[in-house]
Amino acid sequence: MRVECGAAKMIYVSTEKRQRIFIGIPIGKPVQQAIDRLLVPLKPHSRYLRWVPAGNRHLTLAFLGDIPVGDVETLLGVFNRTYRRYGPFHYGFSALERFPNARGRIIALTGEASEPLHSLAMTTRDMLQVSGLDFERKKFRPHVTLARVRKPKLPLPELDHPVQVDIDVNRIVVYRSTLTESGSIYTELTAAELH
């Protein structure tokens with residue numbers, strides 16, 4: 001498959017039959033550094049945790065899972081024009097906690113969905129539905145996965161406390177996730193810039 005998309009004419013070539021795909025908002029380097037500082041108290045407990053590499057941190061808008069490569073082509077064809085009416089905005093995470101609940105196996109930054117972010121997520125899901133693309137239909141709960149807990153019952157410091165981490169929402173990305181023994185590798189297939 002060969003696809004040209006976007007003003008930059010990103011060329012995407014694949015010989016795979018299925019790919020693991022999601023749509024998300026990347027986290028910029030200054031914010032990554034702020035997150036790293038928040039995680040310092042957890043570092044002594046690293047043997048209980050599997051950290052998400054800083055470059056893999058993102059806020060997921062929609063997870064499609066393993067889809068046929070033809071569906072990836074369909075997605076890339078409609079993706080950029082979907083977000084033309086959106087301008088950039090700020091979003092603030094308000095908690096560092098276990099996710100999706102107090103016994104969850106994920107440590108994440110979380111927050112309530114602001115109106116602009118919720119609208120962006122719903123627009124993304126509408127695009128997928130209209131295009132006939134299947135996706136995970138869980139309720140949208142904004143979060144950034146930071147670590148996975150190897151054994152949920154092992155002791156960890158109390159996490160449920162307020163934080164303030166703000167991100168600039170100015171790019172939406174289609175990612176391919178490749179699973180390896182050492183973790184997932186994310187590849188950016190295309191991006192829509194919010195102007």
Side-chain angles (χ1 to χ4, degrees), residues 1-32 35 52-91 93 108-109 111 113-138 140-146 165-180 182-195:
M1 177 183 72
R2 180 183 179 92
V3 176
E4 293 189 11
C5 53
K9 296 289 186 192
M10 174 181 275
I11 304 296
Y12 168 58
V13 179
S14 175
T15 57
E16 299 172 15
K17 292 183 179 178
R18 298 184 75 83
Q19 296 186 355
R20 188 176 175 86
I21 300 293
F22 65 92
I23 299 169
I25 299 166
I27 306 296
K29 286 186 179 180
V31 178
Q32 301 285 16
I35 293 171
V52 173
N56 280 7
R57 294 173 186 160
H58 64 278
L59 193 166
T60 301
L61 294 173
F63 181 74
L64 286 77
D66 290 317
I67 64 173
V69 73
D71 287 353
V72 178
E73 181 176 358
T74 298
L75 172 60
L76 296 180
V78 300
F79 181 76
N80 281 290
R81 65 178 177 263
T82 298
Y83 302 101
R84 287 181 183 159
R85 68 183 178 94
Y86 285 94
F89 60 91
H90 300 290
Y91 175 73
F93 293 97
L109 279 177
S114 65
E115 193 284 324
L117 183 62
H118 185 265
S119 175
L120 197 65
M122 294 308 103
T123 294
T124 301
R125 292 172 179 216
D126 288 346
M127 168 194 68
L128 296 173
Q129 190 162 340
V130 167
S131 301
L133 300 171
D134 197 21
F135 60 96
E136 193 174 80
R137 295 172 189 268
K138 290 181 182 177
F140 177 59
R141 292 184 60 197
H143 69 281
V144 175
T145 300
L146 305 175
V165 177
D166 296 326
I167 63 170
D168 292 318
V169 179
N170 51 29
R171 284 179 91 234
I172 314 299
V173 177
V174 176
Y175 291 98
R176 179 182 66 210
S177 174
T178 304
L179 302 177
T180 72
S182 57
S184 298
I185 298 171
Y186 296 162
T187 304
E188 184 176 310
L189 301 185
T190 191
E193 307 288 338
L194 304 185
H195 298 292

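Along the sequence shown, the residues carry numbers beginning at 1.
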* Do L189 and L75 come close enough that some side-chain heavy atom pair is under 4.5 Å? -> no

* Asked: Residues in side-chain contact (heavy atoms from CB on, under 4.5 Å) with D126, at least two apart?
  -> none

* Structure fact -> Taking every heavy atom of P88 against every heavy atom of L194, the minimum-distance pair comes out as CD-O, 3.4 Å

* To do: Dump the intermediate steps for side-chain contact (heavy atoms from CB on, under 4.5 Å) on L117 and L59, then the final yes or no.
  => CA-CA 10 Å; L117 183 62; L59 193 166; 4.1 Å; yes

* Asked: Does the R20 side chain pair with the main chain of S177, one donor and one acceptor, at a distance under 3.5 Å?
  -> no

* Asked: Side chains of I67 and D134: closer than 4.5 Å at any heavy-atom pair?
  -> no

* Asked: Of L146, T145, L109, which meets side chain to side chain contact (heavy atoms under 4.5 Å, CB included) against R57?
  -> L146

* Any side-chain heavy atom of V169 within less than 4.5 Å of one from Y86? -> no

* Asked: Just wondering, do K138 and F63 contact through their side chains at under 4.5 Å, heavy atoms?
  -> no

* Report the C-alpha distance between D168 and H90 in whole Å, list the side-chain angles of each, state the deciding distance to 0.1 Å, and finish with yes or no for side-chain contact (heavy atoms from CB on, under 4.5 Å). => CA-CA 5 Å; D168 292 318; H90 300 290; 2.5 Å; yes

* Which pair of non-hydrogen atoms, one from A62 and one from L128, has the smallest distance, and what is that distance? -> CB-CD1, 3.6 Å

* Hey, are the side chains of M127 and T124 touching, using non-hydrogen atoms and a 4.5 Å cut-off? -> yes

* To do: Taking all heavy atoms of F79 and all of A192, pick out the closest pair and write down the distance.
  => CE2-N, 3.5 Å

* Where is the tightest heavy-atom contact between A191 and V173, given as atom of each residue plus distance? -> CB-CG2, 4.0 Å

* Asked: For the atom pair OH (Y175) and OG (S184), what is the distance rounded to the nearest 0.5 Å?
  -> 13.0 Å

* Evaluate side-chain contact (heavy atoms from CB on, under 4.5 Å) for D66 paired with R18, printing each intermediate quantity in order. => CA-CA 6 Å; D66 290 317; R18 298 184 75 83; 4.2 Å; yes

* With no hydrogens and no angle check, is any side-chain donor or acceptor of S119 less than 3.5 Å from a backbone partner on E115? -> no

* To do: Indicate yes or no for a side-chain donor-acceptor contact from Q32 to the backbone of A54 under 3.5 Å, with no hydrogens or angles considered.
  => yes

* To do: State, with a plain yes or no, whether a side-chain heavy atom of F140 is found less than 4.5 Å away from one of L61.
  => yes

* Please name the pair of heavy atoms, one in V78 and one in S131, separated by the smallest distance, quoted to 0.1 Å. => CG2-OG, 3.7 Å

* Is there side-chain contact between I25 and Y91, with at least one heavy-atom pair below 4.5 Å? -> no

* Any side-chain donor-acceptor pair under 3.5 Å between T123 and R85? -> yes

* **Pairwise distance CD(Q19) to OG1(T178) - rounded to 0.5 angstrom** => 7.5 Å

* Asked: Would R137 count as a cation-pi partner of F135, with NZ or CZ less than 6.0 Å from the six-membered ring centre and within 45° of the ring normal?
  -> yes

* Beyond-backbone contact of I172 with T82, side-chain heavy atoms, under 4.5 angstrom -> no

* Over all atoms of both residues, closest heavy-atom pair of F93 and G111 -> CD2-N, 4.2 Å

* Asked: Looking at residues at least two apart in the chain, or sitting in another chain, which of them share a salt bridge (charged side-chain N to carboxylate O under 4.0 Å, His left out) with R171?
  -> E188, E193

* Aromatic rings Y186 and H58: how do their planes relate, parallel, tilted or perpendicular, breaks at 30° and 60°? -> perpendicular

